[in-house]
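Below: one structure, written as structure tokens.
The first residue of the sequence shown is numbered 1, and numbering continues consecutively from there.
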Amino acid sequence: MIVIDIATRWIRAEYVRWQRRMRGLFERWRPPYRLRVVDGDSLPPVVPVGALVLARDEGEDWCVGMKCPCGCGRTIELLLIPEAKPRWSLSLDLTGLPSLSPSVFLRDGCRSHFWLKRGRVIWS
């Protein structure tokens, strides 16, 4: 029983490593995420794939949203307001490509963990 348990864990770990390698290969050819700004303090009902949507109300940034880059279809909403816990910060480089910090870690569902740097997803 112990040997089967160890083998099962090893197979699962190898499968996760393989998935990460495959995602990394496809991310190289995917166009970078671009920032789209919408008015209001919440995200639109449909978030476009490949875009980081910024909800801005009266000049104040509220949140950003995006489709999960793993392909599961989940919409991720990250708060930017200083009062929120946890909160993220959004920065743009000179070409307008967005970066988020800290990393995004989904604790349920697909359990994706990644950074968004200069419009590119970097898997952890």
Side-chain angles (χ1 to χ4, degrees):
M1 283 310 256
I2 293 174
V3 173
I4 293 172
D5 228 15
I6 292 171
T8 304
R9 278 190 234 138
W10 180 81
I11 290 169
R12 285 183 184 156
E14 285 299 312
Y15 179 68
V16 168
R17 285 188 203 103
W18 178 81
Q19 281 183 319
R20 287 182 182 153
R21 283 193 298 270
M22 292 297 108
R23 282 189 234 159
L25 288 174
F26 291 119
E27 286 299 324
R28 291 182 193 155
W29 294 291
R30 184 180 190 171
Y33 280 81
R34 296 283 181 184
L35 188 68
R36 294 185 186 175
V37 179
V38 295
D39 290 328
D41 59 357
S42 64
L43 295 175
V46 178
V47 176
V49 176
L52 188 69
V53 179
L54 171 64
R56 180 179 286 164
D57 191 28
E58 297 177 6
E60 184 178 7
D61 297 342
W62 281 84
C63 66
V64 292
M66 63 188 295
K67 290 287 187 187
C68 185
C70 81
C72 69
R74 178 179 178 177
T75 299
I76 302 170
E77 184 175 356
L78 307 169
L79 295 174
L80 300 175
I81 55 176
E83 300 85 25
K85 299 283 187 219
R87 70 176 289 275
W88 282 261
S89 61
L90 173 70
S91 61
L92 299 174
D93 67 2
L94 296 175
T95 60
L97 295 175
S99 295
L100 287 171
S101 65
S103 66
V104 178
F105 178 46
L106 303 177
R107 298 183 188 275
D108 58 348
C110 64
R111 300 184 54 83
S112 291
H113 187 196
F114 60 92
W115 292 87
L116 186 66
K117 299 284 184 186
R118 300 192 69 230
R120 297 275 181 204
V121 173
I122 302 168
W123 294 98
S124 295

Legend entry - L106/R111 under side-chain contact (heavy atoms from CB on, under 4.5 Å): CA gap, chis, key distance, verdict: CA-CA 5 Å; L106 303 177; R111 300 184 54 83; 5.7 Å; no
Legend entry - R56 side chain near V38 side chain, heavy-atom distance below 4.5 Å: no
Legend entry - OG on S103 to CH2 on W88, rounded to 0.5 Å: 8.5 Å
Legend entry - Residues K117 and D93 bridged, charged N to O under 4.0 Å: no
Legend entry - Approximate separation, where rounding is to 0.5 Å, of L54 CG and L80 CG: 6.5 Å
Legend entry - Point-to-point distance, once rounded to the nearest 0.5 Å, from CG of L52 to CZ of R36: 10.5 Å
Inset, instruction - Ignoring hydrogens and angles, tell me if any N or O in the side chain of R12 forms a donor-acceptor pair with the backbone of T8 under 3.5 Å. - result: no
Legend entry - Residue pair V104 / H113, side-chain heavy-atom distance below 4.5 Å: no
Legend entry - Over 12 foreign heavy atoms within 6.0 Å of CZ, R118: no
Inset, instruction - Supply the atom-to-atom distance L79 CG to I81 CD1, rounded to the nearest 0.5 angstrom. - result: 5.5 Å
Inset, instruction - To the nearest 0.5 Å, tell me how far L78 CG sits from L90 CG. - result: 10.0 Å
Inset, instruction - List the steps, then state whether side-chain contact (heavy atoms from CB on, under 4.5 Å) holds for W115 with S124. - result: CA-CA 7 Å; W115 292 87; S124 295; 3.5 Å; yes
Inset, instruction - Show your working on side-chain contact (heavy atoms from CB on, under 4.5 Å) between S42 and C63 and close with a plain yes or no. - result: CA-CA 7 Å; S42 64; C63 66; 5.8 Å; no
Inset, instruction - Would you indicate whether E58, at its atom CD, is surrounded by more than 12 heavy atoms from other residues, nucleotides or ligands within a distance under 6.0 Å? - result: no
Inset, instruction - Report the distance from atom OG of S112 to atom CH2 of W123, rounding to the nearest 0.5 Å. - result: 4.0 Å
Inset, instruction - Grab the two heavy atoms, one from T75 and one from K67, that are nearest each other, plus how far apart they are. - result: OG1-NZ, 3.4 Å
Inset, instruction - Measure the shortest side-chain to side-chain distance between I76 and M66 over non-hydrogen atoms and say whether it is less than 4.5 angstrom. - result: yes
Legend entry - Side chain proximity check, I122 to L116, heavy atoms < 4.5 angstrom: no
Legend entry - Side-chain heavy atoms of V53 within contact of P44, under 4.5 Å: yes
Inset, instruction - List the atom of T95, the atom of R34, and the distance in Å for their closest heavy-atom pair. - result: O-NH1, 3.5 Å
Legend entry - Shared hydrophobic cluster for L100 and V37 (ILVMFWY, side-chain gaps under 4.5 Å): yes
Inset, instruction - Please tell me if the side chains of P69 and F114 come closer than 4.5 Å, counting only heavy atoms from C-beta onward. - result: yes
